[in-house]
Amino acid sequence: MDQTVYFILLLIALCSISECVQHQYYVVNEQKTWYEAQRYCRENYTDLATIDNMNDKNDMNELIKSANVGVVEFVWIGLQRSVHNKWQWSSGEPALYLKWATGQPGGSNECAMMRNGRWETQSCGKSLTFICSSSKANTSLVFVNQTTNWRSAQSHCRQYHIDLVRVRNQNENQEVEKIMNDSNISEVWIGLFRDPWQWSDQSNSSFRYWNTGEPNNAGGIQDRTGVSQQYGSVGRWHDISGKGQFPFVCHEDKLILIKENLTWSEALRYCRQNHVDLVSVHSEEMQRRVTNVVKRASTAAVWLGLHNYCLMNMWLWLSGEIVCYQNWAPGNGTTPENCRLEKKKGAVQSGGDQRWISLPESHKLNFICRNYE
Ligand SMILES: *[C@@H]1O[C@H](CO)[C@@H](O)[C@H](O)[C@H]1NC(C)=O
Ligand SMILES: *[C@@H]1O[C@H](CO)[C@@H](O)[C@H](O)[C@H]1NC(C)=O
Ligand SMILES: *[C@@H]1O[C@H](CO)[C@@H](O)[C@H](O)[C@H]1NC(C)=O
Ligand SMILES: *[C@@H]1O[C@H](CO)[C@@H](O)[C@H](O)[C@H]1NC(C)=O
Ligand SMILES: *[C@@H]1O[C@H](CO)[C@@H](O)[C@H](O)[C@H]1NC(C)=O
Ligand SMILES: *[C@@H]1O[C@H](CO)[C@@H](O)[C@H](O)[C@H]1NC(C)=O
Ligand SMILES: *[C@@H]1O[C@H](CO)[C@@H](O)[C@H](O)[C@H]1NC(C)=O
């Protein structure tokens, strides 16, 4: 085969490997109350399980299935009812800019829609058309001409675009209003919701997988979340009292920020000795996780497992893959590196838009190790 064609085919094959590991879950087959389970997970792993998305949910349910937990009604995860019930965006961002209509928000509704450029609370079960955001950097929006409830609208946006639209300022509000005007539609779901549920590890994942009619806080004592193992609703979530005794799922953080200032080679050695390796960032999902941990760094950039293979002027991840998902800062990663000078390695900025930059390997930076194979 022609060598170039072969190389391109190889690239395509390599680039289609997706990031499989998201959260590392562990099913603990011992019956404990939610509170005991939380303590156990915090001592032995990171915390009770947090679920970020449909993939996590599927992985976890498969794991529970293969763990043979026996005949139990529920398996605990880390979602708990809190006293706070603040409005927030589906994306996990806090709602700072608010554009409520006069008299809003009122009542006990937990979702928000837009009408006449202003926001109103609405029962989450109502069927409305909705608007998704379709790219992160660019605030491009997509009007979906189907009516559905808020949760299904959220799933649709996450499956086909990015998320339900979030509105952070007057401009973004006008963009949504303009799409509504152009589509001649008077009410749409936006990504604003509130619920009193909170993850044990304080993560702001807005993913929920409630069974129909749940959470219902039956008897006013249902303040924790169990994944149903009962016929007809296996894998769906129920609010139940935290005092019940059930098996549970813990998770372990996969990425660890090490706040020591080391050269790239020293950092590599440290990660391989104490964890698994320096982190490789193959996907937007992994970049999002990296973004979450680098915010706490004490250096302006943080080493990644990214190195320049001078002979071919190619950037490679330590895991062996070439760089498919790209997040370089302008001017970095593309121009040929001068190989006669010091070797270049890849780091991620800890502030700004957390892009990747190329730095001499003797720079002393914080770094991120991964904890999974
Ligand atoms: C999660 O919430 C915190 C505090 O409200 C906020 O600073 C952070 O940006 C949120 N995370 C994401 C991914 O938006
Ligand atoms: C936004 O998206 C449009 C169309 O996809 C593209 O032409 C434009 O360059 C993007 N703008 C930014 C700032 O990314
Ligand atoms: C949408 O239409 C309303 C009513 O015609 C108008 O007042 C408003 O300015 C329009 N908004 C945008 C952003 O085009
Ligand atoms: C939305 O769908 C309805 C009915 O299917 C159709 O009449 C209407 O023109 C559509 N609107 C847009 C903006 O596509
Ligand atoms: C917009 O919708 C209204 C009522 O829903 C209808 O009377 C009007 O003809 C529509 N306008 C266009 C341009 O489709
Ligand atoms: C690492 O470097 C940063 C920035 O120069 C500094 O603020 C921090 O204290 C250093 N950390 C250690 C552990 O030396
Ligand atoms: C790499 O990106 C950084 C941060 O944006 C910038 O300061 C630097 O000039 C870039 N490097 C090159 C070679 O353009």
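Just so we're clear, the structure is a prediction, and the values are computed from it rather than from any experiment.
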* Does the pair His251 and Asp201 meet the rule for a side-chain hydrogen bond (donor to acceptor under 3.5 Å, both in side chains), with working shown? -> CA-CA 10 Å; His251 76 102; Asp201 69 352; 3.2 Å; yes
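Between the side chains of Thr50 and Ser205, no donor-acceptor pair of N or O atoms lies under 3.5 Å. Tyr25 and Glu252 are not linked by any side-chain donor-acceptor pair at a separation below 3.5 angstrom, with hydrogens and angles left out of the test. At a cut-off of 3.5 Å, with distance as the only test, no side-chain donor of Trp210 or Asp239 sits close to an acceptor on the other residue. Of the N and O atoms on the side chains of Thr212 and Arg236, not one donor lies less than 3.5 Å from an acceptor on the other residue. The closest side-chain donor-acceptor pair between His363 and Thr299, if any, does not fall under 3.5 angstrom. Between Gln146 and Thr148, the side chains place no donor N or O within less than 3.5 Å of an acceptor N or O (distance only, hydrogens not considered). In this model, no donor atom of one side chain and acceptor atom of the other lie less than 3.5 Å apart for Lys32 and Gln38. Ser200 and Asp47 share a donor-acceptor pair across their side chains, judged by distance under 3.5 Å alone.
In this structure, Arg166 forms no cation-pi arrangement with Trp89, as its terminal cationic atom is not both closer than 6.0 Å to the ring centre and no more than 45° off the ring axis. Cation-pi check for Lys345 over Trp264 is met; the charged atom lies under 6.0 angstrom from the ring centroid and within 45 degrees of its normal.
Aromatic ring pairs are classed by plane angle as parallel below 30°, tilted from 30° to 60° and perpendicular above 60°; the pair Tyr209 and Phe207 is parallel.
A ring-centre distance under 6.0 Å is not found for Trp315 and Tyr309.
Shown are Trp237, Phe246, Phe248; of these, the ring-ring contact (aromatic ring centres under 6.0 Å, His included) with Trp76 is made only by Phe246. For the side-chain contact (heavy atoms from CB on, under 4.5 Å) test with Ile368, the passing option among Val294, Leu278, Val281 is Val294; the others fail.
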